[in-house]
Asks: 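Structure in structure tokens, see below.
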Amino acid sequence: MLKNFLPNKHVKTIFDIKPEQLKEQGIKGIITDLDNTLVAWDVVDATPEVIEWFKRMEDQGISIMIISNNKMERVKIFSEPLGTPYVFSAKKPLRRAFKRAANQMGFKKDEIVVIGDQLLTDVLGGNLAGFYTILVVPIVQTDAKITKINRTIERRILNHFRKKGKITWED
Ligand SMILES: [Mg+2]
């Protein structure tokens with residue numbers, strides 16, 4: 001059961017995820033989390049680096065969708081200037097929003113990667129929905145209250161994986 005919390009891949013930041021690599025892997029679409037994955041949870045707009053990363057993906061023909069558990073206003077204000085489709089109040093780890101995104105993009109499961117900074121929402125949800133999952137290190141260590149509880153559980157799961165030798169990275 002715990003294996004559903006194990007990401008397929010772990011990187012420091014989204015910028016370690018290269019469009020050429022994804023393309024080689026046969027990936028056509030990215031479903032990404034917003035808070036602490038693309039920018040810090042309290043940063044309103046995309047940074048120039050994020051805008052550039054989105055552009056490089058799109059230049060390679062890779063579509064991006066933002067799926068966030070956060071409220072409409074937050075997700076809309078961030079996503080619309082990028083011209084990126086989004087789902088707010090996504091209720092991750094429930095599969096529904098992931099499936100909706102995949103349908104909307106029109107790609108198969110193995111043509112989509114899910115990117116996020118949380119095991120309990122992004123990785124679990126992405127794995128349950130059958131996608132390739134990439135965990136990133138949270139951009140900042142501070143979090144909303146609910147996330148703090150998740151982080152405690154997350155740390156336990158990560159320690160378990162570490163003991164079993166399933167992950168090699170450090171916190
Ligand atoms: Mg997040």
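Everything numeric here is computed off the predicted structure, so don't read it as measured data. Read the numbers this way: they start at 1 and go in the same order the structure lists the ligands and their atoms.
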Asks: Specify the closest pair of heavy atoms between M105 and I31, including all atoms of both residues, with the distance to one decimal.
Replies: CE-CG1, 3.5 Å
Asks: Do Q118 and N36 have side chains that approach each other closer than 4.5 Å (heavy atoms only, starting at C-beta)?
Replies: no
Asks: Salt bridge check, E52 against K55: does any charged N sit closer than 4.0 Å to a carboxylate O?
Replies: no
Asks: Please evaluate residues I27 and F107 with respect to the criterion side chain to side chain contact (heavy atoms under 4.5 Å, CB included), reporting the C-alpha separation (whole Å), side-chain torsions for both, the decisive distance (0.1 Å), and the verdict.
Replies: CA-CA 9 Å; I27 298 302; F107 302 139; over 6 Å; no
Asks: Kindly assign one of parallel, tilted or perpendicular to the pair F98 and F131, based on the angle between their ring planes and the thresholds 30° and 60°.
Replies: tilted
Asks: Strictly under 2.8 Å, how many protein N, O or S atoms lie near the Mg ion (ligand 1)? Waters don't count.
Replies: 3
Asks: Do D122 side-chain atoms and D117 backbone N/O form a donor-acceptor pair below 3.5 Å?
Replies: yes
